[in-house]
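Being a predicted model, the structure only gives us computed values, none of them experimental. What you see below is based on every heavy atom in this structure, not just the backbone, and it leaves out hydrogens, waters and symmetry mates. Order of the sequence lines fixes the chain letters, A, B, ..., with proteins taken first and strands second; residue numbering starts at 1 for each chain.
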There are 2 protein chains.
Amino acid sequence: MRRRASPRFWKSARRASAEIMPRRPAPPAATPLDAGLRAFTGYHLRRAMAVVQAEVNETLAPLGLRMVPFSVLVVIADNPGLRSSQLAEALGMERSNLTPVVEGLVRDGLIARAAADDDRRAHALAATPRGAALAARARAAVAEQDMRLTEQMSPEARAQLVALLDAIETRRAGAG
Amino acid sequence: MRRRASPRFWKSARRASAEIMPRRPAPPAATPLDAGLRAFTGYHLRRAMAVVQAEVNETLAPLGLRMVPFSVLVVIADNPGLRSSQLAEALGMERSNLTPVVEGLVRDGLIARAAADDDRRAHALAATPRGAALAARARAAVAEQDMRLTEQMSPEARAQLVALLDAIETRRAGAG
DNA sequence: TATTGTTATACTCTATAACTATA
DNA sequence: TATAGTTATAGAGTATAACAATA
């Protein structure tokens, strides 16, 4: 497991000890080593993502799930009869990468692949009762974890965070 | 779920009837299939991260860099004499995963590994002139890319986005 | 004993091409 | 010809354990 900044790390920042009492406890270092990267939004995004991914995976581990299989299971549970290509499109994944994920969920008895009645190439995906139950539990666990993650911010701030993240995501489509 | 600032390509897609979707050039059409996941901050974070990572890698490709090597190079260029363990700590990476990255940069003549004078176990990392020049170019390219990524939002919104991302990241220390 | 950097290993996720069976 | 799902493969990124040299 990854730990936050150890005392050893700050040993090198000798200027901090020479500094007077900081007014705010927020920024721990005067000039962090990664100061040059903190100018980029993507860097903060990346660091936040690492924390979220670690916590979500930790939350899902007892349920035998990880982030991607969880997403796949939830979308299938919410959309019975869904096809793999639609699923891939919805999650922004390649179909080829989806195959082993779906297969794992089938093997675990969480979803079922049935032949689509109108197109014999396609498979209709649906959650089994056990899969639906696990999806519900996992959803609740991740929701609670997500709430802890953002409990420090106001509802408005959290809503704006989501809106800004979506703005970043959808910008590419408009840009090309 | 709430519909936010409407992306351009959604407007054209909305004209189509519900089931039969004409094939548009719009790449990742965000269908409501993933509505159950949009409740989670981490999901939006993940999607935004995918876009940013793809764009940054695309930006860095002509320079022969990727996201992680770029980060490593920039931090080394900003902190001559840095040691691997400090670098790993600053970037939140494992030392073992840093080794091949550093080695690649050394092989490309972008950084140099010198023996540390006070600790013969450690290596002092520094950018070569060529590495420093590439770091400067890459930094500028990523900065421009980052600006394009967030040009649609006000400076205040962008600052708040970074602040909220940092809040998510640093929250973990108090959570345990 | 502890730490630095390394090696080895394994797993997750991603990206691309090619194949099959249908359409 | 084109599409749905699969297979194969390669690469990036991440995590852990263990090792030799040094502290």
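- At dT14(D), one or more side-chain N or O atoms of Arg46(A) fall inside 4.0 Å of OP1 or OP2 (strictly under the cut-off).
- Within the structure, every side-chain polar atom (N or O) of Arg66(A) is placed at least 4.0 Å from both OP1 and OP2 of dA15(D).
- Taking the side-chain contact (heavy atoms from CB on, under 4.5 Å) definition, one finds that His44(A) meets it with Arg38(A), Val162(B), Leu165(B), Asp166(B), sequence neighbours left out.
- Residue Ser84(A) is classed as a sugar-phosphate contact, given heavy-atom separations below 4.0 Å to backbone atoms only.
- The phosphate of dT14(C) has neither OP1 nor OP2 within less than 4.0 Å of any side-chain N or O from Ser96(A).
- In the helix from dT1(C)-dA23(D) to dA23(C)-dT1(D), the terminal helix axes, each the rotation mapping four pairs' C1' atoms onto the next four within five end pairs, subtend 10°, rounded to 10°.
- When each of dG5(D), dG13(D), dC13(C) is scored by its nearest atom to the side-chain atoms of Pro69(A), the top-ranked nucleotide is dC13(C).
- For dT6(C), one of the phosphate oxygens OP1 or OP2 lies less than 4.0 angstrom from a side-chain nitrogen or oxygen of Thr99(B).
- Between Arg95(B) and dG5(C) there is no side-chain N or O to OP1 or OP2 distance below 4.0 Å.
- Here dA15(D) is the nucleotide among dA15(D), dT14(C), dA2(D) with the atom lying nearest to any side-chain atom of Asn97(B).
- Residue Asp119(A) is in sugar-phosphate contact alone, with no base atom involved, counting any heavy-atom pair closer than 4.0 Å across all strands shown.
- The closest side-chain heavy-atom distance from Leu161(B) to Ile168(A) is below 4.5 Å.
- Mapped onto DNA chain C by nearest heavy atom, Asn57(A) and His123(B) fall at different nucleotides, with His123(B) at the one closer to the 5' end.
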